[in-house]
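In what follows, chains are A, B, ... by sequence order, proteins preceding strands, each numbered from 1.
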Amino acid sequence: MIQFKNRFSILDKMVLNSVQRDAVLYTGGPELVFAGAGTGKTRVLTAKIAYLIDSGIAPGHIFAATFTNKAAREMRSRVESLIGIPVNGLWIGTFHSLCARILRMEGRAISYDSAFTIYDSDDQLSLIKKVLKSLDIDDRSITARQAAGLISRYKNRCMTVEEVEKMAKGFYEQEISRIYKQYQKLLREQQAMDFDDLLSNTVFLFRHNSELLQRYQRLFKYVLVDEYQDTNTAQFLIIKELCALHGNIFAVGDDDQSIYGWRGAQIDNILYFENVFPNTRVFKLEQNYRSCRTILNFANAVIADNEKRTQKQLWTERNEGEAVQVCRYRDDRQEALAIAEKITNSVKGKIRGGDVAVLFRTNAQSRVFEEAFRRSRIPYILVGGISFYERAEIKDCLAYLRLLVNPRDDLSFDRIYNVPARGLGEKAREQLADYAKKSSLSMLQGLLNVDVAALGSRYQKGFSELKSIFELLIDLCNNGTPVEKILNEMLQLTGYLDILNKEKTEESLGRLENVNELLNAIAIWSRDNPDKKLSDFLEEVSLVSDIDSWEKKENAVNLMTLHCAKGLEFKHVYLVGLEDGIIPSKQNFDDESKIEEERRLLYVGITRAMEKLECSHVDQRWRFGVLLPGVPSRFLQSLPKSYFDYKDESISFGQINPSVEKKAAMRSKVSQQVQSPSEMPGYEDFSQETVEFRMGQYVRHKSYGRGRILSISGFGDDMKLTVLFNDGVRRKLMAKFANFEN
DNA sequence: GGCGTAAGACTTTTT
DNA sequence: GTCTTACGCC
């Protein structure tokens with residue numbers, strides 16, 4: 001029995017309302033906290049952990065699952081500042097990272113050793129493509145993507161290969177089950193797990209090793225779960241097993257913010273929580289501290305249209321606030337330009353760029369905004385898109401490092417055996433693969449074992465080069481050489497750096513910079529984590545999300561998807577592209593439960609706003625290079641007009657919204673400080689380059705001479721220019737390295 | 001076996 | 001409009 005004393009010492013440090021306080025203090029078994037948007041969910045969760053530790057439960061006995069690493073990091077540091085001591089042993093992190101930790105220690109029970117590799121979705125897709133080829137399945141009948149989706153669904157429900165095999169009906173399902181079987185076999189052989197495996201393998205591990213399960217049941221005296229509405233079946237099973245003995249589960253969530261159904265999340269987990277955990281005590285946090293009344297009413301009205309939800313109504317003591325605006329624009333370009341202008345006017349007042357967010361349904365929508373912001377010289381941060389660790393050159397580097405930790409990772413071997421090119425192609429690979437298969441070795445193990453001459457004289461040079469590189473790197477690794485030194489050595493030995501250096505195209509310079517950035521990141525990481533190993537670094541890298549590295553910058557406007565925005569708040573929010581087919585997404589038209597999820601997504605977006613909310617839709621939108629017509633989202637159309645002010649801005653040509661302009665002009669006159677963009681504070685935050693290029697512009701390059709810009713593509717750091725030089729050669733340059741002379 | 005060009009697909013959201 | 005893949009030439 002746990003003794004709870006010092007009841008109030010910790011609580012006194014936190015300002016909690018009475019429901020929050022009751023939720024924190026309750027320790028009588030299963031507990032479910034419905035925490036509406038902005039009702040202080042994180043505060044309660046943090047207080048709960050601090051309270052448990054203060055009551056005598058060692059941090060190492062607490063298991064707390066959050067939705068992002070960022071949330072985990074923040075929560076850990078808040079708990080530490082509350083109780084005043086470090087909580088090193090605390091198990092806090094995403095489900096994926098917590099499971100990875102368990103699997104690294106216990107994987108032997110399911111034939112995985114502690115050095116297994118984590119495959120991201122790209123790797124997963126590559127491996128499935130390989131499987132399709134080996135099973136001779138035409139990728140026009142089943143695409144790798146489809147197979148990946150279905151396999152992921154099986155795994156999310158913790159269905160084993162055998163179970164799927166048994167229930168597969170019809171040709172299609174049987175084919176998928178064949179793919180699943182072969183895919184799992186390859187993963188096992190290569191000692192690799194995909195994201196779903198981290199969860200499902202943990203379930204399988206517990207399922208087949210009751211002693212081990214009991215050990216963890218005793219270890220974790222308290223289980224806390226954030227964002228419970230977004231848990232999938234595998235996560236649910238893990239939780240259920242872990243608290244089967246004591247029932248000490250504390251789940252926090254909001255069914256109205258369940259937006260990951262497409263990833264296997266079961267909203268039923270939260271809705272039927274009380275059926276699964278008997279004698280559950282339910283708390284409902286309904287007082288919202290974030291948004292003003294107009295916004296909250298708007299949000300309540302939108303979500304009220306959903307059938308499948310628990311009854312609740314957010315309320316606030318905050319002021320009425322400005323009316324919610326719904327704007328109609330002519331097309332997405334006008335939408336972006338108009339919003340850029342509105343933001344420009346806002347930042348002339350007391351609003352900073354960092355207080356503002358533009359939220360959209362799909363990543364593709366960010367482009368027009370980037371363009372408009374560049375034009376208006378508004379600093380911005382784009383969250384998501386192609387992440388650093390997905391870039392080809394970074395994945396090459398990581399593949400080398402992965403192989404040093406796990407030599408059985410054939411997928412990584414495939415990636416790099418001829419990178420940089422050393423004359424080894426498909427034929428060469430087959431030679432080595434034959435040998436490896438005969439000797440039951442992985443590709444790299446085979447290479448290290450084989451007499452290279454036996455693989456054919458044509459490939460001897462390439463293979464012996466690769467072999468000696470790895471022999472050297474493995475030596476360094478065994479000597480405990482710092483990771484950045486190993487990577488640096490790899491870059492030198494393989495000639496990767498030389499090739500990039502020689503190439504001198506502006507694109508290669510970009511790649512070079514990325515590689516250097518990786519070296520720096522590793523060096524910093526090693527310094528901060530002196531007792532961690534290369535394998536730890538690789539794991540952290542595999543499990544980072546886009547939002548994990550996001551930091552609010554004072555002056556930079558935030559651009560992100562609605563999914564990314566969950567859990568965040570901004571003074572001003574622009575919800576853009578509210579058209580039927582975008583939100584709700586066309587692909588979810590068929591199913592009412594999916595429509596409800598889309599409505600929740602909109603609800604999540606709305607409830608991010610504190611003071612000002614503008615929703616917008618356009619008549620026409622550029623997609624795939626053509627203009628497509630659009631109608632306002634059904635979610636807007638079903639709303640009584642009393643909840644918002646409607647503005648048709650599609651009719652205004654040229655200068656947009658003169659009334660806003662006039663007001664802003666008046667305000668700046670009063671305050672006597674008109675800021676030109678270049679004097680904007682924190683302008684150095686503006687990573688997006690200050691130089692602007694136009695099509696047709698004449699430029700002079702230090703080595704290529706004079707030329708004319710033919711086309712511009714991409715934005716920010718990725719902006720590329722196609723320039724026709726006077727020597728008649730067309731060259732593609734990275735704008736940020738172009739360094740033109742005047 | 002490497003490199004360039006052309007056709008095709010593609011956009012939901014992400015640990 | 002952009003990215004990936006396939007194919008043909010060197």
Considering only heavy side-chain atoms of H96(A), the closest of dT13(B), dT15(B), dT11(B) is dT15(B)
Separation of dG1(C) atom P from L627(A) atom CG, nearest Å, is 12 Å
Any side-chain N or O of T561(A) less than 4.0 Å from the OP1 or OP2 oxygen of dT14(B)?
-> yes
With a 3.5 Å distance limit and no angle check, can you tell me whether R608(A) reaches the backbone of E569(A) through a side-chain donor-acceptor pair? no
message = Centroid distance below 5.5 Å plus an interplanar angle below 30 degrees: do W262(A) and dT13(B) meet both conditions?
response = yes
Out of dT13(B), dT15(B), dG1(B), minimum distance to the side chain of H563(A) belongs to dT13(B)
Is the backbone N or O of Q431(A) less than 3.5 Å from a side-chain atom of D434(A), with the two atoms forming a donor-acceptor pair by type? no
**Message:** Under 4.0 Å between a side-chain nitrogen and a carboxylate oxygen: does that hold for D123(A) and R415(A)?
**Reply:** no
E597(A) CD to dT14(B) P, in whole Å, measures 13 Å
Q: Give one of base, sugar-phosphate or nothing for K427(A), where a contact means two heavy atoms less than 4.0 Å apart.
A: sugar-phosphate
Tightest non-hydrogen contact, residues A71(A) and T68(A), listed as N-OG1, 3.0 Å
note: L562(A), atom CG; dT11(B), atom P; distance rounded to Å ~ 19 Å
Rounded to whole Å, the CZ-C1' distance (F67(A) to dT13(B)) equals 11 Å
Taking only Lys NZ, Arg NE, NH1 and NH2, and the carboxylate oxygens of Asp or Glu, determine whether K308(A) and E592(A) approach each other closer than 4.0 Å. no
The residue, A428(A) or L543(A), whose nearest nucleotide of DNA chain B is more 5′ is A428(A)
Testing dT5(C), dT14(B), dG1(C) for proximity to the side chain of K129(A), the answer is dT5(C)
Closest to the side chain of C564(A), out of dG1(B), dT15(B), dT14(B), is dT14(B)
To the nearest angstrom, the CG-C1' distance between L199(A) and dT15(B) comes to 8 Å
The reported gap from CD1 in I583(A) to OG in S633(A) (rounded to nearest 0.5 angstrom) is 6.5 Å
In whole angstroms, the gap separating C1' of dT13(B) from NZ of K566(A) amounts to 12 Å
Quick one: is dT14(B) close enough that its OP1 or OP2 comes under 4.0 Å of any side-chain N or O from N363(A)?
yes
Any base atoms under 4.0 Å from F360(A), or only sugar-phosphate, or nothing? Heavy atoms, all strands. nothing
With sugar-phosphate meaning primed atoms plus P, OP1 and OP2, does N418(A) contact a base, only sugar-phosphate, or nothing at under 4.0 Å between heavy atoms?
-> sugar-phosphate
* Quick one: label S121(A) by what it contacts on the DNA or RNA (base, sugar-phosphate, nothing), any heavy atom closer than 4.0 Å. => base
Using atom P in both nucleotides, what's the gap between dT13(B) and dT4(C) to the nearest angstrom? 15 Å
note: N588(A), atom CG; dT13(B), atom C1'; distance rounded to Å ~ 9 Å
Between OH of Y417(A) and C1' of dG1(B) the distance, given in whole Å, is 10 Å
